[in-house]
2 protein chains.
Amino acid sequence: MTTATAKPANGAHKAAIRQENEVQILAAAERVFADFGFKGATTARIAEVANVPKANVHYYFATKEALYRRVIENVCSQWLEAAMTFENTTDPATILRGYIEAKMDLSRSTPYGSRVWAHEIVRGAKFSSDYISTTVKNWLDGRVRIIRRWIAEGKMDNVEPYSLMYMIFATTQHYADFASQIEIFNDNQPLSDAQFAEAKENVVRIILRGVGLY
Amino acid sequence: MTTATAKPANGAHKAAIRQENEVQILAAAERVFADFGFKGATTARIAEVANVPKANVHYYFATKEALYRRVIENVCSQWLEAAMTFENTTDPATILRGYIEAKMDLSRSTPYGSRVWAHEIVRGAKFSSDYISTTVKNWLDGRVRIIRRWIAEGKMDNVEPYSLMYMIFATTQHYADFASQIEIFNDNQPLSDAQFAEAKENVVRIILRGVGLY
DNA sequence: TTGTAACCTGACCAAACGGTCAAGATAAAT
DNA sequence: ATTTATCTTGACCGTTTGGTCAGGTTACAA
């Protein structure tokens, strides 16, 4: 505040306030929705975590549902970015390894978003079915086509691509969504960086070997 | 009612009423908790699905939490039973295949329980951590020891058993927990019996091959 | 300096919720 | 037949919740 704050520059301050508050509230919402689900999360708790009065949450996001939808979309677009590795033109093993590793890293670095998604889908995808049946489905079908080509070219085993992709989704997200269970099994200690790195390598190896790419 | 109802036989009628109502309420609770999570589920909705007045739900189960705990325990004990295949004395491939298939079949036949469990763990295992850190952990460590023995005997690849078990948990339960997402990807149709059978075989094959057992 | 649009917030409200209770109905033991 | 224990249920209650609103403050263009 006292140092180096540049001059306003044409309404920039107001815009910055809006930006900062929205980011703060979205981050808080992600945490709270992850911990309590849509119904269980309260706007009061979100406001508390975001360090703003509850009325302010409703000033920036009209309803709890609108806020929830924004969180969901943020998570999913993050995942789609992680799949950019499929655009590379190297061999299947490198591409699949890159995707699995990127997905594992996301489970490690931002587990809350994954958990919000998990709650949402387990509940029946009430708010996100439109998004899944358009954007996500298009994306998935594209990857499935790529895998089918690999199979046709004899580069990997003939496995149903959907089964493979579901296995990658399930296994990588498990490390975020079921972290509390894993922690209990690990003598009540969160996985250390070393343990997580080992788990990541294990997941990559089992899957790659499982489809004849290792 | 009008046919073949045997005579009371020493207070059997009352006991039967209790039994039937508890089963009915537990089944309804499993569905409603799966669809809405702990907080989102309402005792009124559970009563409605169970076809009893709300006050009757509280007569048989003191609190919503007590009812929830019962549902959780039922689910988990079902899963532990599915793991009996580990007690067999045949080869690792047969044992693992049997376990994966049993777990997939449970996801198909009783998806609601799996979803309640998913909600519970994603939320942080608030109510079930005691159960997991005792019963479930003991069970898991036993299977891990068996797998380590197989590895030591050179019967399979040297993979970290916990990573393998987590992959089996994640993948098999994905077909119950994320069924709504899978359905959307499958052109808004639930997986047919044939599709599910194929998925099951794919999961078994990828995992068995992944650990050098196929 | 002044006007105004955007931001902020304590106080408030109707609806929904988990749980209670008193009074009645039913089954079973004596 | 009478008593007693269990089962049943509509009505009710205190609390929590998402959302509203009036009245204030702050930024900034003119």
Side-chain angles (χ1 to χ4, degrees), chain A residues 1 5-26 28-29 31-33 35-72 116 119 123 126-127, chain B residues 1 5-26 28-29 32-33 35-71 116 119 123 126-127:
Chain A
M1 285 298 187
T5 309
K7 43 191 158 181
N10 223 340
H13 191 192
K14 275 280 168 71
I17 287 177
R18 171 152 223 123
Q19 164 92 13
E20 189 184 318
N21 278 332
E22 285 188 354
V23 167
Q24 197 109 7
I25 293 169
L26 280 169
R31 281 203 58 148
V32 177
F33 281 131
D35 285 345
F36 301 97
F38 175 71
K39 259 276 191 173
T42 67
T43 55
R45 177 89 183 121
I46 291 171
E48 190 187 326
V49 173
N51 246 304
V52 298
K54 193 182 73 159
N56 217 351
V57 171
H58 282 96
Y59 175 73
Y60 284 102
F61 300 90
T63 63
K64 182 179 165 184
E65 183 181 324
L67 178 53
Y68 182 75
R69 286 180 185 275
R70 278 286 300 275
V71 171
I72 290 273
V116 178
H119 271 302
R123 241 184 11 144
K126 290 178 180 67
F127 291 146
Chain B
M1 285 294 188
T5 307
K7 44 190 155 180
N10 224 341
H13 191 193
K14 275 280 163 76
I17 287 176
R18 171 151 225 126
Q19 164 92 11
E20 187 183 320
N21 278 330
E22 285 189 355
V23 167
Q24 196 111 3
I25 293 168
L26 279 169
V32 177
F33 282 131
D35 285 346
F36 300 97
F38 176 71
K39 258 277 195 173
T42 68
T43 54
R45 178 88 182 119
I46 292 170
E48 191 187 329
V49 172
N51 247 304
V52 298
K54 194 182 70 158
N56 218 348
V57 171
H58 282 96
Y59 175 74
Y60 284 102
F61 300 90
T63 64
K64 183 180 165 183
E65 184 181 325
L67 179 53
Y68 182 75
R69 286 181 185 276
R70 277 287 300 273
V71 171
V116 177
H119 271 300
R123 236 182 16 142
K126 288 177 181 66
F127 290 146

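In what follows, every chain begins at residue 1, and chains take the letters A, B, ... in the order their sequences are listed.
If you check every strand for non-hydrogen atoms under 4.0 Å, A:F61 touches nothing. Counting non-hydrogen atoms under 4.0 angstrom, B:A66 reaches nothing in the nucleic acid.
Listed pair B:K64 / C:dC17 fails the phosphate criterion, with no side-chain N or O lying under 4.0 Å from OP1 or OP2. Taking only side-chain nitrogens and oxygens, B:Y59 never comes nearer than 4.0 Å to OP1 or OP2 of D:dT8. Here A:R18 reaches the OP1 or OP2 of C:dC7: one of its side-chain N or O atoms lies under 4.0 Å away.
Nearest to the side chain of A:T43, among D:dG18, C:dG19, D:dC7, sits D:dG18. Comparing atom distances between the B:H58 side chain and each of D:dT8, C:dG18, D:dT17 picks out C:dG18 as nearest. Across C:dC17, D:dC21, D:dG19, the shortest atom-to-atom separation from the side chain of A:A55 is found for D:dC21. Closest contact between the side chain of A:P53 and the listed nucleotides C:dC7, C:dT9, D:dT20 involves C:dT9. Taking the side chain of A:T42 as heavy atoms from C-beta on, and the options C:dG18, D:dT17, D:dG19, the nearest nucleotide is D:dT17.
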Could you go through the side-chain contact (heavy atoms from CB on, under 4.5 Å) check for B:K39 and A:F36 one step at a time?
CA-CA 8 Å; B:K39 258 277 195 173; A:F36 301 97; 5.8 Å; no

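For B:K54 and C:dG19, a side-chain-to-base donor-acceptor distance below 3.5 Å is present, hydrogens and geometry of angles not being considered.
The cationic group of A:K64 does not satisfy the cation-pi geometry with A:F127, failing either the under 6.0 Å distance to the six-membered ring centre or the 45° limit from the ring axis.
B:N21 places its CG atom 12 Å from the C1' atom of D:dT6, with the value rounded to the nearest Å.
Shown are B:V52, B:N21, B:L26; of these, the side chain to side chain contact (heavy atoms under 4.5 Å, CB included) with B:Y60 is made only by B:N21.
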